[in-house]
Amino acid sequence: MAALFWADQKAEEITQRKKFRYIDREISSFEHFVVKTSASISGVLHIGRLSDTIRGESVVRALRDAGYEAELIWVAEDMDPLRKIPEGVPRELEEYIGTPVSATPDPWGCHSSYAEHHVASYFEVMEEFIEVKPEKYSMREEYRRGSFRPFIKKLLENLELVIEIQNKYRSKPLEKGWSPFTPVCKSCGKIITPRVERFEEGKVYYRCQDYAFEKHVAKGCGYEGIADPLRDEGKLMWKSEWAAQWARWHVASEGAGKEYVVPGSAWWVNAEICERVLDFPMPVPIFYEHLMIDGQKMSASLGNVVYPHEWLRVAPPQLLRFLYNKKLMKTRSFSWRELPKLYDEYDHVARVYYGLESVDNEKEAEHLRRLYEMSQIGEPQPALPLPFSHAAMVAQLFASREAVISSLKRSGHYSPELEEELLKRVAYAKEWVERYAPEMKLSLLDKVEEVKEKLTPEQRQFLRSLWEWLSQDERSGEEIQEKIFLLAKEVNLSAAKAFGAVYLATLGTARGPRAGPFLASLDREWLLARLREVTRTS
RNA sequence: GGGCCCGUAGCUCAGUCUGGUUAGAGCAUCGGCCUUUUAAGCCGAGAGUCGCGGGUUCAAAUCCCGUCGGGCCCGCCA
């Protein structure tokens with residue numbers, strides 16, 4: 001049967017394809033498959049950036065599960081220039097705009113460069129979300145070691161073809177003297193400012209000039225120089241470098257945002273260069289949709305950026321994998337408010353995985369089981385019999401570990417072998433309510449008018465008796481709990497209606513936490529006043 | 001100009017690639033049960049022109065063509 005899960009389908013495509021796309025040639029068989037994921041090091045890692053890595057890693061796992069040798073590689077694009085000063089980064093760095101991030105100093109002083117600083121924390125976080133650990137590379141190191149030299153040589157030897165391919169996708173042809181190699185200024189060290197004036201006899205002649213980014217201007221120093229592309233004096237341009245990376249690492253597949261699907265995008269220009277100039281078949285693209293936050297793009301200016309450490313405060317990494325692995329080409333919108341829904345869905349899929357719940361459509365069930373498997377890191381997580389929303393309530397009512405456990409036992413959400421997992425979920429839920437769901441906080445109702453009308457005469461009578469009994473003496477939670485049943489019986493009210501009256505009068509809701517302990521935890525004066533007020537007949 | 005995704009119950013979606021029993025789930029709603037697990041659990045109900053129009057087929061949410069609506073992206077920076 002053909003694969004149902006997207007990553008398995010990709011694996012099939014990767015291993016079964018036969019021909020190059022742009023030239024009429026057979027693809028010689030790969031002995032092992034490399035999936036690449038990379039990141040520019042301009043700023044801090046947010047969960048959107050994990051998408052590429054998680055999805056690439058899923059494909060590696062799918063390839064391995066299909067019996068092939070596969071590995072994940074992660075490349076730091078640390079030869080790229082610093083383009084802007086991200087939030088939280090000292091402004092003094094502004095003078096380094098246009099300098100490769102690997103040559104920009106670490107403003108915090110703890111690493112050898114700005115790039116090193118971010119790469120270090122990047123790994124730490126990234127590896128919490130993946131099972132297959134990637135081999136790591138740095139473009140700075142690659143150029144230094146000369147790994148790209150053969151490819152640069154080939155590109156320059158076939159310069160006319162490279163230009164022809166690029167021009168196919170341009171309305172304005174490249175200027176004469178253009179080169180796919182862009183030098184680092186020998187004088188000031190910037191990479192964005194050297195403007196190539198001509199490419200002659202294998203050398204790039206440049207002059208260092210101002211370069212305007214969207215918001216910043218990288219100051220050029222005016223230096224005029226000559227760079228040798230075959231020495232470590234610069235880097236390839238984006239359209240050529242990507243192709244060279246594919247050929248250098250024998251990349252069989254790589255993730256890319258859906259903006260690259262568009263014909264003529266950098267992906268396809270590189271793909272054609274890769275095949276026609278570098279004789280290497282273009283990788284199978286893993287185009288994916290981007291994650292949206294509350295239906296909007298994640299961006300610093302909107303202030304909705306979600307960082308991994310924030311995610312990990314309220315949910316395990318498996319849940320983010322789950323979100324990303326559900327579907328490849330469908331926009332996923334995440335919202336803190338709807339986190340419980342994501343948990344519910346995850347729990348449902350877990351139950352299907354463990355055979356605790358069935359799904360009519362067997363194809364769908366199989367898909368869900370695979371999805372669950374792919375969302376895991378190491379040992380699959382057990383299916384937890386505790387809905388997140390319930391965990392959120394328990395988390396607010398009970399502070400101590402023992403109190404939480406005994407509440408879970410009472411409500412039937414407990415299982416001794418899952419104790420640690422359950423407590424972890426309660427802890428996640430507590431953080432979630434605190435930070436993202438203030439409306440979920442148990443809050444007492446201020447105004448009683450509309451609530452009074454909803455109460456039946458029997459319910460009022462019941463509340464009156466409860467008030468009388470409570471006002472006689474201090475009562476414990478369990479005493480109250482028992483008394484409610486007795487009083488309800490006296491006025492011939494069902495237990496459900498009696499409890500309903502209690503919640504309506506205090507919270508304004510139809511339901512609430514276990515009534516006895518809840519009422520006992522309230523301010524006694526407030527409670528007595530409230531009960532008297534709602535039962536007053538006037 | 002071009003490309004991608006989505007449109008299925010009040011809401012969020014699954015099912016579409018690989019066509020096949022009366023189209024599913026969760027949540028929400030409504031009803032019932034519970035004298036001690038009352039934001040829980042159990043039982044049940046209502047609720048859908050599968051965006052619209054054509055075509056292919058014994059059979060279409062599913063394939064093909066067209067069309068409308070919503071979202072996102074590319075136009076030569078990386």
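By convention in this document, chain letters (A, B, ...) are assigned in the order of the sequence lines, proteins followed by strands, and residues within each chain are numbered from 1.
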Atom pairs, protein N/O to nucleotides 9-13 of chain B N/O, distance under 3.5 Å:
from: B/rU12; atom 1: O4'; to: A/K341; atom 2: NZ; distance (Å): 3.4

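- With rounding to whole Å, A/R514 atom CZ is found 14 Å from B/rG41 atom C1'.
- Going from atom CD1 of A/I484 over to atom P of B/rC34 covers 18 Å, rounded to whole Å.
- A/E254 and A/W267 share no side-chain donor-acceptor pair at under 3.5 Å.
- Among all heavy-atom pairs drawn from A/T506 and A/V502, the shortest one is OG1-O, 2.8 Å.
- Under the 3.5 Å distance criterion, with hydrogens and angles disregarded, no donor-acceptor pair is assigned to the side chains of A/Q381 and A/Y372.
- The shortest non-hydrogen separation linking A/R321 to A/S58 is NH2-OG, 3.7 Å.
- For A/R351 and A/Y346, the positive end is not near the middle of the six-membered ring at less than 6.0 Å and at most 45° from its axis.
- Atom-to-atom, CE of A/M292 to P of B/rC6 comes out at 14 Å; the value is rounded to the nearest Å.
- In terms of phosphate contacts, A/Q481 brings no side-chain nitrogen or oxygen within less than 4.0 Å of OP1 or OP2 of B/rU35.
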Watson-Crick and G-U pairing of RNA chain B written in dot-bracket, each distance under 3.5 angstrom, with | for inter-strand partners: ((((((((.[[[[.)....(...]]]].(((((.......))))).....[[[[[..)....]]]]])))))))....
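- Side-chain atoms of A/Y288 and A/D52 include a donor-acceptor pair closer than 3.5 Å.
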Intermediate values then yes/no, side-chain hydrogen bond (donor to acceptor under 3.5 Å, both in side chains), A/T53 and A/T37: CA-CA 6 Å; A/T53 304; A/T37 175; 3.1 Å; yes
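- Under the ring-ring contact (aromatic ring centres under 6.0 Å, His included) criterion, A/Y96 pairs with no residue, sequence neighbours left out.
- Per the geometry, CZ belonging to A/F499 stands 11 Å off C1' belonging to B/rU37, to the nearest Å.
- An aromatic stacking contact between A/W238 and the base of B/rC77 is absent, as defined here by ring centres under 5.5 Å apart and ring planes under 30° from parallel.
- Across all their heavy atoms, A/V75 and A/K36 have their closest contact at CG2-CE, 3.9 Å.
- Taking every side-chain heavy atom of A/E289 into account, B/rC5 is the closest of B/rC77, B/rC5, B/rG2.
- Base engagement by A/E364 is indicated by at least one non-hydrogen atom pair under 4.0 Å involving a base atom.
- Distance check on atom C1': B/rG48 versus B/rU29 gives 16 Å, rounded to whole Å.
- When rounded to the nearest whole Å, the span between CG of A/L493 and C1' of B/rU36 equals 16 Å.
- When distances are taken from the side chain of A/F485 to each of B/rU36, B/rU18, B/rA78, the shortest belongs to B/rU36.
- As a whole-Å value, the separation of A/L408 CG from B/rU38 P is 13 Å.
- A salt bridge is absent between A/E272 and A/R21; no separation between the charged side-chain nitrogens and carboxylate oxygens falls under 4.0 Å.
- In this structure, the CG atom of A/L342 is 16 Å from the C1' atom of B/rA25, given to the nearest Å.
- At a threshold of 4.0 angstrom between heavy atoms, the contacts of A/Y346 with the nucleic acid are absent.
- In this structure, A/E478 reaches neither bases nor backbone, as no heavy-atom distance under 4.0 Å exists between it and the strands shown.
- For the pair A/K327 and B/rG15, the criterion of a side-chain N or O lying under 4.0 Å from OP1 or OP2 is met.
- On the P atoms, B/rG32 is 34 Å away from B/rC50, given to the nearest whole Å.
- If you take atom P in B/rG3 and the same atom in B/rG20, they sit 29 Å apart, rounded to whole Å.
- Taking atom C1' on both nucleotides, B/rA14 is separated from B/rA59 by 23 Å, rounded to a whole Å.
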Start with the C-alpha gap between A/W6 and A/F287, add the side-chain angles, then the distance that decides, and say whether ring pair (Phe, Tyr, Trp, His ring centres under 6.0 Å) holds. CA-CA 11 Å; A/W6 69 266; A/F287 291 128; over 10 Å; no
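- Rounded to a whole angstrom, the distance from the P atom of B/rG66 to that of B/rA45 is 44 Å.
- Residue A/H413 is in sugar-phosphate contact alone, with no base atom involved, counting any heavy-atom pair closer than 4.0 Å across all strands shown.
- Whole-Å rounding puts the A/Y169 OH to B/rC74 P distance at 18 Å.
- Residue A/A515 is classed as having no contact, given no heavy-atom separation below 4.0 Å to the nucleic acid.
- Nucleotides B/rC6 and B/rC13 are separated by 12 Å at their P atoms, to the nearest Å.
- Within 4.0 Å of A/K172, counting heavy atoms only, lies at least one base atom of the nucleic acid.
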